[in-house]
Q: 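There's a structure below that I have some questions on.
Everything numeric in this text was worked out from a predicted model, so none of it was measured.
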2 protein chains.
Amino acid sequence: MKKSISGKMKEPSSAREEIRVKVIDAIAQTMDLYGVNYSFGQLYGILFFEDRPMTLEEMQTSMNMSKSNMSYAVRSLTDSKMVSKLDEKAGRQDLYAAETDFFKAFQLFFASKLQREIDVMTAAIKPVIEPLSETILALETSEEERKLCLQDLHKLRHAVRYYEWLQQFVDKLEDGQFFEGQQIGD
Amino acid sequence: MKKSISGKMKEPSSAREEIRVKVIDAIAQTMDLYGVNYSFGQLYGILFFEDRPMTLEEMQTSMNMSKSNMSYAVRSLTDSKMVSKLDEKAGRQDLYAAETDFFKAFQLFFASKLQREIDVMTAAIKPVIEPLSETILALETSEEERKLCLQDLHKLRHAVRYYEWLQQFVDKLEDGQFFEGQQIGD
DNA sequence: ATATATATTCAATAATTATTGAACGATATG
DNA sequence: CATATCGTTCAATAATTATTGAATATATAT
């Protein structure tokens with residue numbers, strides 16, 4: 001997890017660039033914390049500071065990495081909505097821009113992560129509630145097994161309630177309800 | 001990231017155990033999504049269903065893994081507050097129990113992750129605001145460099161505002177303010 | 001205090017994930 | 001339509017992370 005701060009990126013040449021490198025490192029560390037590849041986090045940081053659409057080629061240059069890796073990075077970042085592909089192109093090259101408003105980035109990143117969690121968990125839980133209930137209701141189920149199933153059923157029902165709540169939470173998040181008074185989308 | 005559902009864990013022997021394995025897999029996938037080692041996520045899942053304090057030895061048995069790895073797993077889970085070490089012991093052995101209330105687990109997990117993010121980012125940003133401002137104010141700074149510094153300064157100030165907001169968000173989360181009407185701590 | 005059971009750390013290895021260059025495919029341009 | 005340019009995928013390798021068993025440390029009971 002520890003990595004030399006500037007890694008293979010081009011050496012900082014001014015005080016300002018040194019500052020950028022430090023902050024980009026913190027951003028990458030943070031994103032790594034949430035399961036994003038450190039280098040991909042760095043790329044977000046670069047796009048954040050550049051604050052203009054960039055092509056894969058430019059990313060390749062500033063990260064000093066292969067184009068294929070930049071392609072993977074950009075896909076990962078667009079999947080989690082922190083970066084988006086523009087409609088316009090620079091000649092034949094695709095353009096990508098970072099969401100530079102941290103409030104919006106928070107909103108997009110967590111909404112997409114949490115939604116994925118809801119989907120994965122719901123897909124696992126919903127289909128097993130019925131069979132589990134049936135086992136409990138079945139006459140041939142042993143006393144002991146029934147007790148265990150009941151325990152599990154209640155855990156799963158609790159989980160279902162939690163994911164219903166979490167879905168509402170995500171809806172509110174997407175709605176911007178947690179950002180009252182903040183200049184989101186300034 | 002893909003893994004055979006039951007991996008090295010002991011084979012499920014009943015319908016109920018099959019269900020547990022599926023749900024534990026979903027839990028582990030979910031936690032993996034947030035950067036938690038998949039096996040450690042499985043361990044949380046086991047503790048979640050067992051719903052009783054377990055010793056390292058028992059974890060070792062049900063996960064079919066080394067005690068040292070269980071030690072690391074338990075540390076990772078206690079760090080993120082999803083599991084806690086009890087004050088009592090089973091003879092000489094330490095006991096650990098999972099937070100089985102998903103609302104509380106959410107609260108604890110995200111509060112600790114987000115707080116860490118705030119700390120990392122704040123530690124990077126706060127100390128560079130002054131030097132950056134000074135560069136802008138300095139007479140010898142070139143027109144061009146001043147422009148670039150100004151842009152960066154504004155980005156960083158935006159970030160500071162964001163992290164102030166995020167700190168309040170975390171405070172509310174820890175306070176339970178997002179769980180109104182939910183039976184957290186039932 | 002000493003012996004003994006348990007927990008943690010460490011260094012080696014296994015397993016996984018990140019990164020690359022080359023091949024392929026798609027898209028735009030003349 | 002042919003060609004050039006770019007983006008994606010694939011299979012190989014590099015780098016990192018997960019897992020282990022042994023060594024060390026910590027704590028408990030006698």
Q: Rounding to a whole Å, what distance do you find between A:Glu57:CD and D:dG7:P?
A: 8 Å

Q: Starting at CG of A:Asn64 and ending at P of C:dT19, how long is that distance when rounded to a whole Å?
A: 12 Å

Q: State whether A:Glu50 and A:Arg20 are salt-bridged, where the test is any N-O pair (Lys NZ or Arg NE/NH1/NH2 against Asp/Glu carboxylate O) under 4.0 Å.
A: yes

Q: Identify every side-chain donor-acceptor pair in residues 71-79 of chain A under 3.5 Å, counting partners at least two apart or on other chains, and give the distances.
A:
{"from": "A:Thr78", "atom 1": "OG1", "to": "A:Val74", "atom 2": "O", "distance (Å)": "2.8"}
{"from": "A:Thr78", "atom 1": "OG1", "to": "A:Arg75", "atom 2": "O", "distance (Å)": "2.9"}

Q: Pair up each side-chain donor or acceptor in residues 166-174 of chain B with any protein partner under 3.5 Å, not counting sequence neighbours, and list the distances.
A:
{"from": "B:Gln167", "atom 1": "OE1", "to": "B:Gln115", "atom 2": "NE2", "distance (Å)": "3.1"}
{"from": "B:Gln167", "atom 1": "NE2", "to": "B:Gln115", "atom 2": "OE1", "distance (Å)": "3.1"}
{"from": "B:Gln167", "atom 1": "NE2", "to": "B:Asp171", "atom 2": "OD1", "distance (Å)": "3.2"}

Q: Going by number, which of residues 66-82 of chain B have a non-hydrogen atom under 4.0 Å from DNA chain C?
A: B:Lys67, B:Ser68, B:Ser71, B:Tyr72, B:Arg75

Q: With sequence neighbours left out, write down each residue that passes salt bridge (Lys or Arg N to Asp or Glu O under 4.0 Å) with B:Asp94, or none if nothing qualifies.
A: B:Lys85, B:Lys89

Q: So, the side chain of B:Lys67 versus the backbone of B:Met59: is there a donor-acceptor pair under 3.5 Å, distance only?
A: no

Q: At a heavy-atom distance below 4.0 Å, what parts of residues 83-96 of chain B sit against DNA chain C?
A: B:Arg92, B:Gln93, B:Asp94

Q: How far does CD of A:Gln60 sit from CG of A:Asn69, to the nearest 0.5 angstrom?
A: 10.0 Å

Q: Rounded to whole Å, how long is the line connecting atom CE of B:Met59 with atom P of C:dT8?
A: 10 Å

Q: Run A:Lys147 and A:Ser142 through side chain to side chain contact (heavy atoms under 4.5 Å, CB included) and show every step you take.
A: CA-CA 9 Å; A:Lys147 208 189 81 199; A:Ser142 74; over 6 Å; no

Q: Output the rounded distance in Å from CG (B:Leu56) to P (D:dG21).
A: 15 Å

Q: What is the distance, rounded to the nearest whole Å, between atom CD of A:Gln60 and atom C1' of C:dG21?
A: 11 Å

Q: Just how far, in rounded Å, is C1' of D:dG7 from CE of A:Met54?
A: 17 Å

Q: With respect to the phosphate group of C:dT19, does any side-chain polar atom (N or O) of A:Ser39 fall under 4.0 Å of OP1 or OP2?
A: yes

Q: Taking the six-membered ring for Trp, are B:Phe40 and B:Tyr44 ring centroids under 6.0 Å apart?
A: no

Q: Identify whether the distance between the nearest side-chain nitrogen and carboxylate oxygen of B:Arg52 and B:Glu58 falls below 4.0 Å.
A: yes

Q: Are B:Met31 and B:Met82 close enough, and set up right, to give a side chain to side chain contact (heavy atoms under 4.5 Å, CB included), and what steps lead you there?
A: CA-CA 11 Å; B:Met31 293 178 65; B:Met82 313 247 334; 4.1 Å; yes

Q: Nearest whole angstrom, please: distance from the C1' of D:dT20 to the CZ of B:Phe40.
A: 12 Å

Q: Check this for me, if you would: do A:Glu99 and A:Lys81 make a salt bridge, where the nitrogen-to-carboxylate-oxygen distance has to be below 4.0 angstrom?
A: no

Q: Just report the end-to-end axis angle for the helix from C:dA1-D:dT30 to C:dG30-D:dC1, five pairs per end, to 10 degrees.
A: 30°

Q: Whole-Å distance between D:dT20 C1' and B:Asn37 CG?
A: 14 Å

